[in-house]
Student: 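Can you read through this structure? Questions will come right after.
So that the names make sense, note that chain A is the first sequence line, chain B the second, and so on, each numbered from 1.
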Amino acid sequence: MINGIYSAASAMEMAELKHEVIANNLANANTAGFKRDNLPIESFSMVLNQQLANDVPDGPSSYNARSVTDFTQGFVAVTNGKFDVAINGKGFFAVEDEQGNRFYTRDGSFGTNSEGVLVNNSGYPVMGGGGEITIPANAEGPVTIDNEGGIYVGETRLDQLNVSDFEDRSQLAKAGGNLYRAPEGVEGEEALDYSVQQGALEKSNVNVVNEMVEMISNSRQYEAAQRMIQSQDSTLGRMIDAVGATV
Amino acid sequence: MNRAMYSAATGMNAQQLNVDTISNNIANVNTVGFKRSRADFKDLFYETLQQAGSASSSETQQPNGIQIGQGTTLAATKKSFTPGMLKNTEQKLDIAIQGDGFLQVTLPSGEIAYTRNGSLSVDGEGRLVTNAGYPVTPEITFPEGTREVNISDTGVVQAAVGASEEMEDIETILLAKFMNPAGLKSTGKNLFVPTDSAGEPTEGAPGEEGMGELKQGFLEVSNVKIVEEMVDLIQAQRAYEINSKTIQASDSMLQTANGIKR
């Protein structure tokens, strides 16, 4: 009886967590390069069996969840910005902060700083073939970026945007600011299956309809779990009354 | 639960700023030399409830962690310096810049500001000034009795004075350009002032590399495209609405939680 109440309570906890994930997805429905998170929930018995089989010393947790980032392609919208670039396919742009920490991003809303270095919206230099990319001040001709990420000033090839990918993209952790951080010791490999488009930005891959449907079903699940607690509470109450009456 | 409400609130805030930016663009659709801004967003920090790669047993690891996002925020309002269309006005003192250069004007404080609005006039002292009366720098003063004015593509200002038929050179208009014009700060009145991010201005005559040539009798209209702005406005409004629904859903979930205890 009491166990049932705990199961229902863990269901409510999970639904809350899921609701928070959906809320963050929806808040970022207009964030360039944003990738939605998903929170698949595993059943208690499954986790229990897994943990018993693995002979885990600590007791089984009442639930198990993993936030999985869904890296499907977002819609590529034309912006005509000179330094707006979108990746079609698999890969990430690389940027580095002032400490030399490398981040990966799908948000190609770039610009130059006062020295002509190509930077992202946080001011982190965008990595090219050999580090920072500097656009010359007195560029002869327009800056163009080809499908492979090659940067040209007029006819002259200047550099190549670093586009890297990971065999296991689930290792990437979100760092905020549209950036991903790879675990220590893991470096992106050269991406193979991509094309770069200049003058366009990849929109968020959040599908508003799906998120709304998920939000409705999730809040109903929350409600159902609450009813479960209520009904068990009333059964428990009745039992206590009835048993108490016979004494 | 509170995280969801705050995430949604950051979403509403961000979309409010987005609408503010778009409406300013639309309001300036007929402003000469106006450059549109675009609101860029980024996701906020993530709370990591469980690290990816933490042990799930003595031999296995969690392939994914649990990261809960905290919403969104404005990353930048990016000014787009794409050229606007040139409009023929047939006014002798209207000039348009076909390139990246800016006209320089001296503010009453003595500081230099930069503008793409070439709708110029002459003030009481014969100086070439902007619509606000700020003199163009380097200062250009027309002698008394000027009848005819000619401004060449390379910025040479010529005038025919008095009865003379001949055009004499008065001065050359100099332009300035920036490494990163998107980093300039808008101060209103179509003026921009430099910032650390824009870089130092480089001065040069029109027609020099990248500065652009002048076109007398033309004005550069705003680079705002109404259709684009309207599409962005619809998106922003809907995104705002959706975030308000998240708050409503969070509220009703909290109500449900309150209902556990009768």
Student: Chain B: which of A:D168, A:N30, A:N120, A:T31 shares the most heavy-atom pairs with it under 4.5 Å?
Tutor: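 When all of A:D168, A:N30, A:N120, A:T31 are compared, A:N30 has the most.
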Student: At their closest point, which heavy atom of A:H19 faces which heavy atom of B:T246, and how far apart are they?
Tutor: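 Closest heavy-atom pair between A:H19 and B:T246: NE2-O, 3.9 Å.
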Student: May I ask you to say whether A:D84 pairs ionically with B:R38, meaning some side-chain N is under 4.0 Å from a carboxylate O?
Tutor: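 Judged by the 4.0 Å cut-off on N to carboxylate O distance, A:D84 and B:R38 do form a salt bridge.
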Student: Which atoms of A:E211 are under 4.5 Å from chain B, going by heavy atoms: the side chain, the backbone, both sets, or neither?
Tutor: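 Contact with chain B involves no heavy atom of A:E211 at all.
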Student: Taking atom CZ of A:F83 and atom OG of B:S80, what is their separation to the nearest 0.5 Å?
Tutor: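 The OG atom of B:S80 is 12.5 Å from CZ of A:F83, to the nearest 0.5 Å.
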Student: Under a 4.5 Å heavy-atom cut-off, does chain A meet the side chain of B:A14, its backbone, both or neither?
Tutor: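 Interface part for B:A14: neither.
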Student: Are side-chain heavy atoms of B:L49 and A:L17 found at a separation under 4.5 Å?
Tutor: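 Contact flag for B:L49/A:L17 side chains = yes.
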Student: Test side-chain contact (heavy atoms from CB on, under 4.5 Å) on B:D43 and A:L179; report intermediate values, then the result.
Tutor: CA-CA 9 Å; B:D43 49 359; A:L179 304 175; over 6 Å; no
Student: If you tally heavy-atom pairs under 4.5 Å against chain A, which of B:R238, B:M12, B:E208, B:Q15 wins?
Tutor: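 Maximum pair count with chain A is reached by B:Q15.
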Student: Could you look at A:D37 and say if it's the side chain, the backbone, both or neither that has a heavy atom under 4.5 Å from chain B?
Tutor: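 The answer is the side chain of A:D37.
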Student: Kindly compute the distance separating OG (B:S250) from CD (A:E16), expressed to the nearest 0.5 Å.
Tutor: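 So the gap between those two atoms works out to 9.5 Å.
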Student: What are the two closest heavy atoms between A:D107 and B:F41, and how far apart are they?
Tutor: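 Taking A:D107 first and B:F41 second, the nearest heavy atoms are OD2-O, 4.4 Å.
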Student: Between B:N18 and chain A, which part of the residue has a heavy atom less than 4.5 Å away: side chain, backbone, both or neither?
Tutor: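 Interface part for B:N18: side chain.
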Student: What part of B:L44 gets within 4.5 angstrom of chain A, counting heavy atoms only: side chain, backbone, both, or neither?
Tutor: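 Interface part for B:L44: backbone (N, CA, C, O).
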Student: Grab the two heavy atoms, one from B:M179 and one from A:E115, that are nearest each other, plus how far apart they are.
Tutor: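 Nearest heavy atoms, B:M179 then A:E115: CG-C, 4.0 Å.
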Student: Measure distances from A:I229 to the heavy atoms of chain B and classify the residue's part below 4.5 Å as side chain, backbone, both or neither.
Tutor: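 The side chain, not the backbone.
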Student: Under a 4.5 Å cutoff for heavy-atom pairs, which residue among A:K174, A:M212, A:E223 has the most contacts with chain B?
Tutor: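 Answer, by heavy-atom pair count under 4.5 Å with chain B: A:K174.
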Student: Say whether, by atom type as modelled, one donor and one acceptor occur between the side chain of A:N24 and the main chain of B:S7 under 3.5 angstrom.
Tutor: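 No; zero donor-acceptor contacts below 3.5 Å.
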Student: So which heavy atom on B:A76 is nearest to which on A:N121, and how close?
Tutor: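 B:A76 and A:N121 have their closest heavy atoms at CB-OD1, 3.7 Å.
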Student: Taking side chain as everything from C-beta outward and backbone as N, CA, C, O, which of these in A:S122 sits under 4.5 Å from a heavy atom of chain B? Side chain, backbone, both or neither.
Tutor: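 For A:S122, the side chain is the part near chain B, not the backbone.
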Student: Does any backbone or side-chain atom of A:A29 lie under 4.5 Å from a heavy atom of chain B? Answer side chain, backbone, both or neither.
Tutor: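 Nothing of A:A29, per the 4.5 Å heavy-atom cut-off to chain B.
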Student: Select one option (side chain, backbone, both, neither) describing which atoms of A:I216 are under 4.5 Å from chain B's heavy atoms.
Tutor: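 Contact with chain B: none, neither part.
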Student: Given side-chain contact (heavy atoms from CB on, under 4.5 Å), test B:K245 with A:L26 step by step and report yes or no.
Tutor: CA-CA 10 Å; B:K245 291 275 186 248; A:L26 285 173; over 6 Å; no
Student: As an exercise: rank B:Q67, B:K261, B:E228 by heavy-atom pairs under 4.5 Å with chain A and give me the winner.
Tutor: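 It is B:Q67.
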Student: If we define contacts as heavy-atom pairs under 4.5 Å, which of A:P183, A:A175, A:A173 has the most with chain B?
Tutor: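 The residue among A:P183, A:A175, A:A173 with the greatest pair count is A:A173.
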Student: Search all heavy atoms of B:A257 against all heavy atoms of A:Y222 and return the closest pair with its distance.
Tutor: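 The answer is CB-OH, 3.4 Å.
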Student: Would you check if the side chain of B:Q70 reaches a backbone N or O of A:G176 as a donor-acceptor pair within less than 3.5 Å?
Tutor: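 No, the answer is negative, given that no donor and acceptor are paired below the 3.5 Å cut-off.
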Student: Minimum heavy-atom separation for A:E20 and B:A4, please, with both atom names.
Tutor: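 For A:E20 versus B:A4, the nearest heavy atoms are CG-N, 3.6 Å.
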Student: Quick one: do B:S197 and A:N113 satisfy side-chain contact (heavy atoms from CB on, under 4.5 Å)? Show the steps, please.
Tutor: CA-CA 6 Å; B:S197 145; A:N113 66 10; 5.7 Å; no
Student: If we ignore angles and hydrogens, is there a donor and acceptor under 3.5 Å between the side chains of B:K78 and A:S109?
Tutor: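 Yes - a donor-acceptor pair under 3.5 Å links their side chains.
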Student: Pair A:S219, B:M253 - check side-chain contact (heavy atoms from CB on, under 4.5 Å), show working.
Tutor: CA-CA 6 Å; A:S219 46; B:M253 279 169 80; 3.8 Å; yes
Student: Verify the neighbour count for atom CD of A:E98: are there more than 12 heavy atoms of other residues, nucleotides or ligands below 6.0 Å?
Tutor: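 Correct, the count exceeds 12.
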Student: Among B:T73, B:T72, B:T10, exactly one meets side chain to side chain donor-acceptor pair (under 3.5 Å) together with A:N28. Which residue is that?
Tutor: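 One option only clears the test, and that one is B:T72.
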Student: Considering residues, nucleotides and ligands other than B:N258, do more than 12 of their heavy atoms fall under 6.0 Å from its CG?
Tutor: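 Yes, because the 6.0 Å sphere around CG of B:N258 holds more than 12 heavy atoms from other groups.
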